[in-house]
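Scroll down for the structure; my scribbles are underneath it.
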Amino acid sequence: MAFSAVWRLANLGRHLDLSESVNKAAPVGSIKLKVASEVSEALSLGRAVVALESTIISHEVERIVRENGAVPATIAILDGTPCVGLSVEELERLAILGTRAQKTARRDIAHVVACGGNGATTVSATMLFASMVHIPVFVTGGIGGVHRHSEQTMDISSDLTELGRTPVTVVCAGVKSILDIPRTLEYLETLGVCVAAYKTNEFPAFFTESSGCKVSCRVDTPEDCASLIEASIKLKLGTGILIAVPIPQEHSTSGHIIESAIQKAIKEAREKNITGNAETPFLLARVNDLTGGASLAASIHF
């Protein structure tokens, strides 16, 4: 995606300002933000940089980003330092830490940094750090949303509120189908977030290519996506964009089988009193078990 020369010059100016605090010793009372040299150079030259979250570590995703001419910037917190772009050694360290690295959303950032801890960033934290260094695009599998029965639990992912206040475009396979997709889209509309679907008029459901929910914005080419992103940046809307890309049809599992497994998993979660941020990992794992691995296979092929 190519932005205008004016935008590139402005980005270079922002990068030089950032370099004063990132690449030199941080002033007393400030928090140091570590930007990988490869990422820093790409940003200064106006090259494409794609942010990646670290709750799921994948060398494969970084490889795909590189093969398509962009620089991957996996984001995490290591020893209390927010890092934008990880080395192979840092990726492997985070993978070895596994669940010992705290799952870090926006609300957790100050705590993990203050404690000098290690954090694997979720969508909201990744968006925030990407925005700080002016990375406009973030790619992930699926975002969080409004949970089913939210009228009782008030369980709404911080991913949505981050999209409403942070100008980063999130490209994903839609909202996880364990969630309430219609309510999630309504909530995003309330926040003023542009929701676009790639080569379709229907919002995808993460595991499957359709959800039954229509979108008001359709983009059919990478150039369409670039134009949408550039317009939002120039208008200074201050909100993110969600671009949902359906998984390939040949990898899309049968909708009713997935839905049946989801309903059973939700019932089990209620019976075991599994709520809050523990619910989504439980549901995803249980749905994968109930479908014999079909749901995981579908998500990998996003």
Side-chain angles (χ1 to χ4, degrees), residues 50-68 70 72-76 86 91 94-95 98-99 101 103-105 120-127 129-130 135 137-147 157-160 162-163 168-181 184-185 188 193 195-200 203-211 213 225 240-253 255 258 261-262 265 277 279-289 291 293-302:
V50 177
L52 302 171
E53 64 179 321
S54 52
T55 47
I56 298 177
I57 295 296
S58 175
H59 295 277
E60 178 70 10
V61 177
E62 289 211 348
R63 181 186 64 79
I64 292 171
V65 170
R66 292 186 189 281
E67 286 180 351
N68 283 275
T74 299
I75 295 174
L86 303 181
L91 280 170
L94 203 56
T99 55
K103 183 178 179 181
T104 306
T121 56
T122 65
V123 170
S124 62
T126 303
M127 285 185 69
F129 287 128
I135 297 175
V137 178
F138 162 41
V139 172
T140 187
I143 67 165
V146 177
H147 281 251
S157 172
S158 62
D159 296 356
L160 304 187
E162 203 63 46
L163 276 162
V168 170
T169 295
V170 178
V171 181
C172 68
V175 178
K176 298 179 178 72
S177 49
I178 59 174
L179 305 175
D180 189 321
I181 295 177
T184 296
L185 294 176
L188 286 170
V193 176
V195 177
Y198 190 70
K199 294 185 177 181
T200 179
F203 192 77
F206 187 63
F207 290 124
T208 57
E209 59 186 328
S210 61
S211 66
C213 300
C225 296
I241 297 172
L242 181 62
I243 299 179
V245 183
I247 66 173
Q249 187 174 15
E250 62 268 25
H251 299 298
S252 182
T253 59
I258 285 285
I262 288 171
N277 60 12
E279 184 178 33
T280 295
F282 170 81
L283 292 177
L284 289 174
R286 189 67 184 120
V287 169
N288 186 56
D289 289 341
T291 60
S295 61
L296 178 59
S299 63
I300 288 174
H301 286 96
F302 159 65

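The analysis underlying the following values was restricted to heavy atoms, covering all of them including side chains, and did not include hydrogens, waters or symmetry mates.
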Q: Write down the atom of Leu86, the atom of Thr74, and the distance for their closest heavy-atom approach.
A: CG-O, 3.5 Å
Q: State, with a plain yes or no, whether a side-chain heavy atom of Glu162 is found less than 4.5 Å away from one of Val170.
A: no
Q: Supply the atom-to-atom distance Leu242 CG to Phe138 CZ, rounded to the nearest 0.5 angstrom.
A: 11.0 Å
Q: Give the minimum heavy-atom separation between Cys213 and Ile181, together with the two atoms involved.
A: SG-CG2, 4.0 Å
Q. Under 4.5 Å between any side-chain heavy atoms of Val139 and Val65, yes or no?
A. no
Q) How would you list, by chain and number, every residue that makes a salt bridge (Lys or Arg N to Asp or Glu O under 4.0 Å) with Glu53, sequence neighbours excluded? A) none
Q | Verdict with supporting geometry, Thr121 and Ser54, side chain to side chain donor-acceptor pair (under 3.5 Å) | A | CA-CA 5 Å; Thr121 56; Ser54 52; 3.2 Å; yes
Q: Give the minimum heavy-atom separation between Tyr198 and Val245, together with the two atoms involved.
A: CB-CG2, 3.9 Å
Q.
Check whether Thr126 reaches the backbone of Leu52 with its side chain - one donor and one acceptor, N or O, closer than 3.5 Å.
A. no
Q) Are any non-hydrogen side-chain atoms of Asn68 and Val50 less than 4.5 angstrom apart? A) no
Q.
Do Leu160 and Ile143 make a side-chain contact, defined as non-hydrogen atoms from C-beta onward lying under 4.5 Å apart?
A. yes
Q | Single hit among Leu188, Val123, Val195 for side-chain contact (heavy atoms from CB on, under 4.5 Å) with Leu163 | A | Leu188
Q: Calculate, to the nearest 0.5 Å, the distance between atoms CG and CG belonging to Asn288 and Leu283 respectively.
A: 12.5 Å
**Q.** Check: Ala105 main-chain N/O paired with Ser124 side-chain donor or acceptor under 3.5 Å
**A.** no
Q) In chain order, what residues pass the salt bridge (Lys or Arg N to Asp or Glu O under 4.0 Å) check against Arg66, with sequence neighbours excluded? A) Glu38
(Q) Please find the pair of heavy atoms, one from Pro204 and one from Pro246, that lie closest to each other, and give the distance. (A) CB-CA, 3.8 Å
Q: State the CG-CD1 distance between Leu179 and Ile262, to the nearest 0.5 angstrom.
A: 8.5 Å
**Q.** Spatial distance of atom OG (Ser211) from atom CZ (Phe206) [nearest 0.5 Å]
**A.** 14.0 Å
**Q.** Smallest separation among heavy atoms of Ile135 and Ala51, with atom names
**A.** CG2-N, 3.9 Å
Q | Donor-acceptor contact below 3.5 Å, side chain Thr122 vs main chain Thr104 | A | yes
Q | Nearest heavy-atom neighbours spanning Leu94 and Ala101 | A | CD1-CB, 4.0 Å
